[in-house]
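Inspection log for the structure reproduced underneath, given as structure tokens.
All values below were derived from every heavy atom in this structure, side-chain atoms included, with hydrogens, water molecules and symmetry-related copies excluded.
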Amino acid sequence: EAETPRPESAGAGRALPRIGAPPPPAARDGLGSTEEPQASATRPDETAEADADGPILQRYAIPFDAPAGSPRLAVILRDTGADPLDLSGLDLPLTLAIDPALPDAMARAEAYRAAGQEVLIYAGDLTPEGLTAAVEAVPMALGFLEAARQDPRRLRAIEADLAASGRALIVPARGLNAAVRGAQEAGQIAASLDAQALTLSELARALERAALRAEREGRALLEAPASDADIEDLALWAEGARGSRVTLAPVSAVLLAGP
């Protein structure tokens, strides 16, 4: 049986939001603009250079345009050891959560940033004592993606970093999560995942759950494995009926949009 062909790029068919270009003034409040953005040669980290003393979440946020009022869905891909992804030329906003213990963690983060994508630190096996080294390995990370098995000591160390740096914390969804509540009560930015795909086979169902949540609440966060196959499936989904009803966005565009 012939295999259904995949699109050559994520930009085929419906135009996806542009990443890495500064939004027009009307879009800077997080609501976006329906006007066609102008082409720009702005590098992703020029925002960080211009706001060197601001909170890291805002300092390293990729400028992003989205249709006004459109539900936002951020897809976070766990990059924990396979070959790094080649995201050059991809017009699909993603966020990569990088294992800081990888020997090439810095190189991966720099390559993803150069491709116009945001990065997080994956806290998987991170110890409280290793937090400083993790931040040094991925200094442009907007925040931390907590693992399914949460370590209270690690969370306390991360919360202390949030207060000092302005990074964000994202944790697996567990009802009224104490870590999220504590960070928010301290004036920090934290959120729970709305859906997780532990394997490629779970991705389609997780995307549907996350999209429904985004349509109900205006925003959602999804975690999935990092692989070329996942990205191809994401591109197909984004061109489909459900994908056309939400806006794929960098994680900063979801976190900074508010509840």
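Closest heavy-atom contact between Ile56 and Arg167: CD1-NH2, 3.3 Å. What you find for Leu92 and Ala235 is that their closest heavy atoms are CD2-N, 4.2 Å. Scanning all heavy atoms of the two residues, the minimum distance from Ala183 to Leu162 falls at CB-CD1, 4.4 Å. Closest heavy-atom contact between Glu136 and Met106: O-CE, 3.6 Å. Scanning all heavy atoms of the two residues, the minimum distance from Arg59 to Gly54 falls at NH2-O, 2.9 Å. For the residue pair Ala61 and Glu118, the shortest heavy atom distance occurs at CA-OE2, 3.3 Å.
Not a single donor-acceptor pair under 3.5 Å links the side chain of Glu146 to the backbone N or O of Ala123. Side chain of Thr247 to main chain of Ala66: no donor-acceptor pair is present (N/O by atom type, distance under 3.5 Å, no hydrogens or angles). At least one donor-acceptor pair under 3.5 Å links the side chain of Arg219 to the backbone N or O of Val254.
Annotation: side chain of Ile231 is in contact with side chain of Leu87 (closest heavy-atom distance under 4.5 Å). Considering only heavy atoms from C-beta on, Val246 comes within 4.5 Å of Glu215 through its side chain. With contacts defined as side-chain heavy-atom distances shorter than 4.5 Å, the pair Thr95/Leu142 does not qualify. Using a 4.5 Å heavy-atom cutoff, the side chains of Leu102 and Tyr122 are not in contact. The shortest side-chain heavy-atom distance between Leu248 and Val75 falls under the 4.5 Å cut-off.
Under the 4.5 Å side-chain heavy-atom criterion for grouping Ile, Leu, Val, Met, Phe, Trp and Tyr, Leu212 is not connected to Leu203 through any hydrophobic cluster. Hydrophobic clustering (side-chain heavy atoms under 4.5 Å, transitive across Ile, Leu, Val, Met, Phe, Trp, Tyr) groups Val135 together with Tyr60.
By the 6.0 Å contact criterion, CZ on Arg205 is open, its count of non-hydrogen atoms from other residues, nucleotides or ligands being 12 or less. Annotation for Asp125: atom CG does not count as buried by contact number, only 12 or fewer foreign heavy atoms lying within 6.0 Å.
A distance of 10.5 Å separates CD in Glu202 from CG in Asp230, rounded to the nearest 0.5 Å. Distance check, rounded to the nearest 0.5 Å: CG of Leu85 to CG of Leu96 gives 6.0 Å.
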